[in-house]
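Input: a single structure, listed below in structure tokens.
Labels below follow one simple rule: chain letters A, B, ... track the order of the sequence lines, proteins then strands, and each chain is numbered from 1.
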Amino acid sequence: MDFLIQVVWEGLVAGVLYALIALGFVLIFKASGVFNFAQGIMVVFAALTLVGSYEKMAAAGFTGFPAAMASIVVSLAVMFALAWLVERLVLRHLVNQPDIILFMATFGLTYFLIGFGEAVFGGDPKIMITQQLGLPTGSTEFRLPGFGPNGKDGLVLIQHIDVAATVIASLMIAALALFFQYTRIGRALRAVADSHKAALSVGITLNQIWVVVWFTAGIVALVTGIMWGARSDVSFGLSNIALKALPVLIVGGFTSVPGAIAGGLIIGIGEKLGELYLAPLLLGSTMGRGVESWVAFIIALAFVMARPQGLFGDKIIERI
Amino acid sequence: MFYRENGQFNTTYAEDMAVFPIRQDRIGLALILGVAAIGVPLFGNSFFISSVMIPFLVYSLATIGLNILTGYTGLISLGTGAFMGVGAFACFKLTTAFPNVNIIFWILASGFFSAAIGMLFGLPSLRVKGFYLAVTTLAAQFFLQWCFIRIPWLYNDSASGAIEVARRTLFGFPITGAQASAQTRYLVLLGIVVFMTWIASNIVHGRIGRSWMAVRDMDIAAELMGIRLLPTKLTAFAVSSFYAGVAGACMMFLWYGGGEANDVFNINQSFNILFMVILGGLGSLVGSFMGAAFISSLPTIFKFGLPAIGINIGGATAEHLTFMVVGALIVIFLIAEPHGLARLWQITKEKLRLWPFPH
């Protein structure tokens, strides 16, 4: 029983992190109709910039919390430059193209960023500067009376960084919701999402909005990168983990921020439970390992068959 | 001046509707086939054949497969790598179970297995399309990849978990295994690719191909016109996966000569083939070859071509450069010419017909 609680907790945390990546997708999809495949590599790229610039500063003798904050500023600047360049060099030239063309363009962007990132930062995994950023490390064991095997006390281990990740993610999601709902730019973003033409006709600058959206997605990517990086390390393998955000979107719905969160939790818990119960069922507990890699996608598959628009998504209406 | 159809009159409907209505095109095709079948094995060295021509042909086949699905039917798939893997494993199982049957027969037959799996994972295409479908095909990719590692029966319980390609012969010549020369493997592969391309050309120009394109352009309208979506989309998945499967079997047996499936048939392979389709041109068989030639030769050019002309870059830099160039090229192509190399080729032909008098 304590094991089950532990697994569900881990799934919950993984789910929050998936939800963060999915949030980056949703932001861009809502505001420009672009399905941004590059979100995953943006996470890696942001985290690498953070760690890389910290290493440079540390080499110059500037360390500790101030240096970590300085490297966060540097990473934000880089993400802004990236957003601006993407708008300038890619999106601006692809206005009015079919969705699939834009989707493919973000593929190209992904590959470019992989090559560029590896050329600049090297392909080796890096260690996230968790302590320097002032994030908690270590873990606490909770005793749950009567939850263990044979009526003994159960033990649940909770990493502090996971709690911090959950709190920070919730704060950020709340902040984004407020930003979308109550600020002038947020309202403009929603207008653009509704219709490009109508937004242009009331004087909203499309290009500017795109930069804002991509930069916001860049900030989300940076936060996600820090959290993921703190749990494992910062490597290009993360960009494939980011693919897990896609089933999250399917489950939650492409256009919904609450959907991204609910979907993240369902997928996160679902795949941990899958590893626990499904793997032994399929091929035995040793050979069945690694079910995690596809359970999320199979859950998405089931959702697609039953409810294609996802839990909270807008109903898909097709017209001739 | 040389490329124009003046004086060539079509007297029958069939001639008018031919795939290559202009005589120069037919001569050109014959020349290319002649060079590929005689020139390359005679004059090309083993390195050129095994690291440029064989990958090119294998990728062409896979690209044609994905192009049938994405270019002709408008359904995105990110699971091509896994379907290729199904073909490779099917071929491996079949040839170890029945070693006396010719390997070429099994390479082609393994396509049926990947076609069946492809149809299974194509079922969601009836409910969703676009990005949603892309995600469900990712399910195929990851699930099948997991099966390739975790089910020992697939690789005959070998400790390494790798496919071992045994020696198989055709007319007494070894065509797979360690003794097979690059030239024989190349010729066998060329035969398979030419045959499969001919079949593909006939399919896409016929009734099935037309119904695919109608579905691509607008599936609801196609349905209203009496095209049944279920069989049309599923045949697209089946034919596409068939090609991918055969390409996968060819890749394992005629190119790599064995190896671990997880390294070869992974998600990056799927992306790679999707790039070939985009760069070559969606919905074009010629484009499939062009895209495959372009992307499959890029790594070789960076790794061996640049040092040969005096620019020395390390292997790692070459790899990074490949990634960056491919990524940038995709974006540039989408901006400049969303229809890919095939469209550029078409424009060149139009220009050539008028040259040297532009009006």
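For the pair B:I76 and A:F103, the minimum side-chain heavy-atom distance is below 4.5 Å. Side chains of B:L78 and A:F107 form a contact here, defined as non-hydrogen atoms less than 4.5 Å apart. No side-chain heavy atom of A:T110 sits under 4.5 Å from any side-chain heavy atom of B:F271.
Contact tally against chain B (heavy-atom pairs below 4.5 Å) for A:A300, A:G117, A:G108: the top residue is A:G108. Top candidate by heavy-atom pairs under 4.5 Å with chain B, chosen from A:I299, A:L246, A:I298, A:L102, is A:L246.
The shortest non-hydrogen separation linking B:M324 to A:F112 is O-CD1, 3.4 Å. Among all heavy-atom pairs drawn from A:L109 and B:V331, the shortest one is N-CG2, 4.0 Å. Across all non-hydrogen atoms, the minimal contact from B:P124 to A:L301 is CG-CD1, 3.6 Å.
Taking the six-membered ring for Trp and thresholds of 30 and 60 degrees, A:Y111 and B:F323 have ring planes inclined between 30 and 60 degrees apart.
A distance of 11.0 Å separates CE in A:M104 from CG in B:L279, rounded to the nearest 0.5 Å. To the nearest 0.5 Å, atom CZ of residue B:F142 and atom NZ of residue A:K244 are 7.5 Å apart. The distance from atom CZ of A:F297 to atom CH2 of B:W146, rounded to the nearest 0.5 Å, is 15.0 Å.
Using a 4.5 Å cut-off between heavy atoms, B:I267 touches chain A through its side chain atoms alone.
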